[in-house]
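First the structure, in the form of structure tokens, and then the observations on it.
Given the structure is predicted, the values throughout are model-derived calculations rather than measurements. The figures here come from the full heavy-atom set of this structure, side chains too, leaving out hydrogens, waters and symmetry mates. Note that the numbering runs from 1 along the sequence shown for the chain.
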Amino acid sequence: MPDHGDDAVSIEVNDESGEDVDGERVSALARFVLDALKVHPQAELSVLAVDVATMSSLHEQWMDEEGPTDVLSFPMDELRPGNDDEEPEPGLLGDVVLCPAVAAKQAAAAGHSTEQELDLLTTHGILHLLGYDHAEPDEEREMFGLQARLLQDWAATRGGGPE
């Protein structure tokens, strides 16, 4: 489901998972996150939802780890968030790959909906595309703090409190 506007980030969401992912919600959230982080309006993002077997294969191929994971990010042009002092660069942001079946298990364990877990994973994946990481404690605090603020703001724009 491509989403192309004259002055809007191009976001393509494809669901190959068999789990009935709400592509419009994923696209709207991705646009919200990219706008909040002042990513250039001509940037391009792809979000793909896959089944457990596909995610397991990608996880092993790219991370050298067995079994499925919840989200993988594949940055392209190493774009970074914009700021007020300089114009952000256009380009290919990259791909976020989600595994809704893993997200559903994590959501049940966390006590929230699969949609909320997919919101978290989509946001997390986009932050990775923008250069955020959580390998070191300081990086983790920064990334997870930003992720929490974005999700809280997203929930507020949808008429709800923190999800």
Judged by atom type as modelled, is there a donor-acceptor pair below 3.5 Å linking the side chain of Glu139 to the main-chain atoms of Glu136? yes
Does Glu60 reach the main-chain N or O of Ser57 with its side chain, forming a donor-acceptor pair under 3.5 Å? no
Tell me whether [Y] is reachable from [X] by hopping between hydrophobic residues (I, L, V, M, F, W, Y) whose side-chain heavy atoms are closer than 4.5 Å.
{"X": "Met143", "Y": "Leu93", "answer": "yes"}
{"X": "Val102", "Y": "Val13", "answer": "no"}
{"X": "Val97", "Y": "Met63", "answer": "yes"}

Give the C-alpha distance, both sets of side-chain angles, the deciding distance and a yes or no for side chain to side chain donor-acceptor pair (under 3.5 Å) between Ser27 and Glu24. CA-CA 5 Å; Ser27 181; Glu24 289 183 19; over 6 Å; no
Is the shortest heavy-atom distance from the side chain of Val96 to the side chain of Val26 under 4.5 Å?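 No; the side chains remain at least 4.5 Å from each other.
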Please tell me if the side chains of Glu12 and Leu45 come closer than 4.5 Å, counting only heavy atoms from C-beta onward. no
Side-chain donor-acceptor distances from residues 47-55 under 3.5 Å, at least two apart:
unit_1: Asp51; atom_1: OD1; unit_2: Ala53; atom_2: N; d: 3.4
unit_1: Asp51; atom_1: OD1; unit_2: Thr54; atom_2: N; d: 2.8
unit_1: Asp51; atom_1: OD1; unit_2: Thr54; atom_2: OG1; d: 2.7

Which distance, rounded to the nearest 0.5 Å, do you find between the [atom1] of [X] and the [atom2] of [Y]?
{"X": "Leu121", "Y": "Leu98", "atom1": "CG", "atom2": "CG", "answer": "6.5 Å"}
{"X": "Asp35", "Y": "Leu150", "atom1": "CG", "atom2": "CG", "answer": "11.0 Å"}
{"X": "Leu29", "Y": "Leu118", "atom1": "CG", "atom2": "CG", "answer": "10.0 Å"}
{"X": "Thr122", "Y": "Glu115", "atom1": "OG1", "atom2": "CD", "answer": "10.5 Å"}
{"X": "Asp22", "Y": "Asp15", "atom1": "CG", "atom2": "CG", "answer": "10.0 Å"}
{"X": "Ser56", "Y": "Gln61", "atom1": "OG", "atom2": "CD", "answer": "12.5 Å"}

By side chain to side chain contact (heavy atoms under 4.5 Å, CB included), which residues pair with Asp153, not counting sequence neighbours?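 Side chain to side chain contact (heavy atoms under 4.5 Å, CB included) check on Asp153 returns Phe32.
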Do you know which two heavy atoms are closest between Glu117 and Ala103, and how far apart they sit?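 Reported closest heavy-atom pair: CG-O, 3.4 Å.
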Which heavy atom of Cys99 sits nearest a heavy atom of Thr69, and at what distance?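 Closest approach of Cys99 to Thr69: CB-O, 3.4 Å.
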Using the ring-ring contact (aromatic ring centres under 6.0 Å, His included) rule, collect all pairs that involve residues 34-79, keeping only residues at least two apart or in two chains. Trp62-Phe74
Pairs under 3.5 angstrom only: tabulate donor-acceptor contacts from the side chains of residues 123-135 to other protein residues two or more places apart or in another chain.
unit_1: Thr123; atom_1: OG1; unit_2: Asp119; atom_2: O; d: 2.9
unit_1: His124; atom_1: ND1; unit_2: Gln147; atom_2: OE1; d: 2.7
unit_1: His124; atom_1: NE2; unit_2: His128; atom_2: NE2; d: 3.1
unit_1: His124; atom_1: NE2; unit_2: His134; atom_2: NE2; d: 3.2
unit_1: His128; atom_1: ND1; unit_2: Tyr132; atom_2: O; d: 3.0
unit_1: His128; atom_1: NE2; unit_2: His134; atom_2: NE2; d: 3.2

Using the salt bridge (Lys or Arg N to Asp or Glu O under 4.0 Å) criterion, which residues pair with Arg141? Sequence neighbours excluded. Asp138
Could you walk me through whether Thr114 and Val21 pass the side-chain contact (heavy atoms from CB on, under 4.5 Å) check? CA-CA 9 Å; Thr114 300; Val21 171; over 6 Å; no
Linking Ile, Leu, Val, Met, Phe, Trp and Tyr through side-chain heavy atoms less than 4.5 Å apart, which residues share a cluster with Met76?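 Under the 4.5 Å side-chain rule, Met76 groups with Leu92.
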